Amino acid sequence: MYAQMVETGATTVKSVTDMDEAEKNFQARIDREIKIEPRDWMPDAYRKTLIRQISQHAHSEIVGQLPEGNWVTRAPSLQRKAILLAKIQDEAGHGLYLYAAAETLGVSRDELTEALLDGKAKYSSIFNYPTLSWADMGAIGWLVDGAAIINQIPLCRCSYGPYARAMVRVCKEESFHQRQGFDIMMALCRGSAAQKSLAQDALNRWWWPSLMMFGPPDGESVNSAQSAAWRIKLFSNDELRQRMVDQTVPQAEYLGLTIPDPDLHFDDSSGHYVYGKIDWEEFYQVLKGNGPCNRERLAARRTAHHDGAWFRDALAAHAAKHAAQPSDQRNAAS
Ligand code: FAQ
């Protein structure tokens with residue numbers, strides 16, 4: 001089973017008749033759109049679902065730095081390099097806000113990191129694909145950050161206060177990321193034939209994995225029903241995926257690029273683009289650890305964690321030394 005490596009007990013929706021008094025009051029608060037805060041009572045499964053989702057989200061931001069990090073030293077100009085570096089640093093910041101939001105639920109950052117490094121916690125499937133050319137920096141910003149915004153704007157209104165508030169700033173930064181990606185694509189598409197073909201090749205490789213980012217089809221999304229009842233999810237996986245297609249196809253047309261989907265067409269009656277079949281077997285293989293870069297990504301995170309041990313130890317020793325000092329000495333030293 002590809003899902004539920006982190007057991008939350010939230011794959012079936014509890015009916016009101018099965019709820020005790022505390023659960024009924026909790027659900028009534030959610031239904032009135034009152035935010036849940038860390039010290040409020042909450043069902044254990046709500047807490048675990050949030051820890052699962054927020055930590056997966058945090059891990060995605062951290063692992064998500066790796067594909068773009070691959071191009072920092074090969075950016076085509078000083079300006080492009082500075083922009084890419086700033087974007088990657090933003091992703092690190094998002095990871096930190098998200099780990100902090102997860103910590104408000106009573107889990108430690110060390111536990112979350114361990115779950116990632118042990119392969120128990122997931123991160124987004126998209127970051128298991130390789131970045132083969134500079135155009136991939138454009139495609140990631142345009143499509144991957146574009147998908148992230150579509151998914152995360154509704155999260156600004158989700159029921160858990162710390163997660164919703166963290167998302168506000170994250171979304172503002174993701175908007176800059178999306179625009180810088182589109183800007184790279186525009187430059188390539190206005191350039192030579194060779195540059196434009198790099199952009200087309202990047203779109204060909206990132207299009208389908210970007211659509212997979214929204215998760216399995218609604219019928220196979222085990223967590224959706226309960227997460228929707230708890231207002232963690234305000235839209236379904238398929239609804240957000242459709243929004244991505246509707247938003248992106250005209251952008252591709254503007255760039256003069258072709259979406260790699262022969263079945264793609266606009267449907268007048270629904271007012272939406274109809275897209276072809278997604279290869280869900282590929283998605284499930286990536287989730288099982290068999291994507292093109294799964295092993296490489298986890299190995300890079302494990303190495304980074306190992307290499308950073310001396311620094312964490314030094315910080316802990318420094319903090320312990322200061323905590324042991326009487327407060328007047330501490331003030332004099334600082
Ligand atoms: N990859 O029942 P559902 C970014 C798993 S941030 C891997 O539908 P749910 C910024 C899912 O966990 C990108 N696993 O699950 C950036 C579950 O397994 P579990 C990350 C996936 O949670 C840009 C199982 O499949 N964003 O890109 C994926 O209700 C550029 C069944 O699925 C977030 O995390 C997937 N794509 O809905 C950074 C946003 N999809 O846990 C650097 C917050 C599903 O039961 C560079 N997360 N699975 O073992 C969410 O909105 C939700 O968690 C969904 C999945 C919509 C992703």
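Counting starts at 1 for both ligands and their atoms, in listed order. It should be emphasised that the depicted structure is a prediction, and the values quoted were computed from it without experimental measurement. For reference, positions follow the sequence shown, starting with 1.
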| task | Give the atoms of ligand 1, by number and element, whose distance to some non-hydrogen atom of Gly215 is under 4.0 Å. | result | 40 (N), 44 (C)
| What do you reckon, does Ser227 have a nitrogen or oxygen under 3.5 Å from a nitrogen or oxygen of ligand 1? | no
| said: Among His57, Arg52, His177, His59, which one puts a heavy atom closest to atom 33 (C) of ligand 1? | reply: His57
| request: Give the atoms of ligand 1, by number and element, whose distance to some non-hydrogen atom of Met213 is under 4.0 Å. | output: 27 (O), 36 (N)
| field | Heteroatom distance test (Leu287, ligand 1): nitrogen or oxygen, under 3.5 angstrom | value | no
| said: For the 3.5 Å polar cut-off, considering only N or O atoms, please tell me whether Lys122 and ligand 1 meet it. | reply: yes
| request: Classify the contact between Tyr123 and ligand 1 as side chain, backbone, both or neither, using a heavy-atom distance cut-off of under 4.0 Å. | output: backbone
| said: Evaluate Lys233 for polar contact with ligand 1, using N/O atom pairs at a separation under 3.5 Å. | reply: yes
| Positive for side chain to side chain contact (heavy atoms under 4.5 Å, CB included) with Asp246, one of Phe266, Tyr275, Tyr273 | Tyr273
| message | Would Asn151 count as a polar contact of ligand 1, with the cut-off being nitrogen or oxygen pairs under 3.5 Å? | response | yes
| task | Using non-hydrogen atoms of the residue, decide whether Tyr284 is closer than 4.0 angstrom to ligand 1. | result | no
| Atom indices of ligand 1 within 4.0 angstrom of Met212 heavy atoms, with elements | 36 (N)
| Check: His59/Tyr99 side-chain N/O donor and acceptor closer than 3.5 Å | yes
| More than 12 heavy atoms of other residues, nucleotides or ligands under 6.0 Å from CD of Gln79: is that the case? | no
| note | If we number the atoms of ligand 1 from 1 as shown, the ones under 4.0 Å from a heavy atom of Phe214 are 56 (C)
| Atom indices of ligand 1 within 4.0 angstrom of Glu61 heavy atoms, with elements | 6 (S), 10 (C), 16 (C), 38 (C)
| request: Report yes or no: is the cationic atom of Arg243 (NZ for Lys, CZ for Arg) under 6.0 Å from the centre of the six-membered ring of Phe235, at an angle within 45° of the ring normal? | output: yes
| said: On a heavy-atom basis, which atom in Ala164 and which in Cys156 lie closest, and how many Å separate them? | reply: CB-O, 3.4 Å
| If hydrogens are left out, which of Ser221, Pro217, Ala92 has an atom nearest to atom 8 (O) of ligand 1, that is, the closest non-hydrogen atom? | Ser221
| Which atoms of ligand 1 are found less than 4.0 Å from any heavy atom of Glu174? | 10 (C)
| request: Return yes or no for this condition: an N or O of Val222 is under 3.5 Å from an N or O of ligand 1. | output: yes
| said: Does either side chain, that of Asn204 or that of Gln200, offer a donor lying less than 3.5 Å from an acceptor on the other one? | reply: yes
| request: Using distance alone, decide if ligand 1 has a nitrogen or oxygen within less than 3.5 Å of any nitrogen or oxygen in Gln65. | output: no
| Contacting atoms of ligand 1, where contact means under 4.0 angstrom from a heavy atom of Glu68 | 46 (C)
| Within a reach of under 6.0 Å around NZ of Lys24, are more than 12 heavy atoms found that belong to other residues, nucleotides or ligands? | yes
| task | Would you check whether Lys87 has a nitrogen or oxygen atom less than 3.5 angstrom from a nitrogen or oxygen atom of ligand 1? | result | no
| said: What I'd like to find out is whether the side chain of Asp145 reaches to under 4.5 Å of the side chain of Glu91, using heavy atoms alone. | reply: yes
| For Asp145 and ligand 1, does the shortest N/O to N/O distance drop below 3.5 Å? | no
| Checking ring-ring contact (aromatic ring centres under 6.0 Å, His included) for the pair Phe182/His177: CA distance, chi angles, key distance, verdict? | CA-CA 9 Å; Phe182 195 74; His177 298 169; over 10 Å; no
| message | As an exercise, identify every atom of ligand 1 less than 4.0 angstrom from a heavy atom of Ser125. | response | 1 (N), 7 (C), 35 (C), 36 (N)
| Of the listed options Gly291, Pro216, Ala225, closest to atom 44 (C) of ligand 1 (non-hydrogen atoms) | Pro216
| said: Residue-level breakdown please: for Asn237 versus ligand 1, do any non-hydrogen atoms fall below 4.0 Å on the side chain, on the backbone, on both, or on neither? | reply: side chain
| Would you say Pro38 and Pro162 make side-chain contact, with heavy atoms under 4.5 Å? | yes
| query | Can you find a non-hydrogen atom of His94 under 4.0 Å from ligand 1? | reply | no
| Using 30° and 60° as the class limits, which term best fits the ring planes of His322 and His318: parallel, tilted or perpendicular? | tilted
| task | Evaluate side-chain contact (heavy atoms from CB on, under 4.5 Å) for His94 paired with Gln65, printing each intermediate quantity in order. | result | CA-CA 11 Å; His94 299 174; Gln65 295 175 98; over 6 Å; no
| said: Checking Asn290 against Gln285: is there a side-chain donor and acceptor pair closer than 3.5 Å? | reply: yes
| request: Might you point out which heavy atoms bring Asp267 and Val274 nearest each other, and give the distance in Å? | output: CB-CG2, 3.7 Å
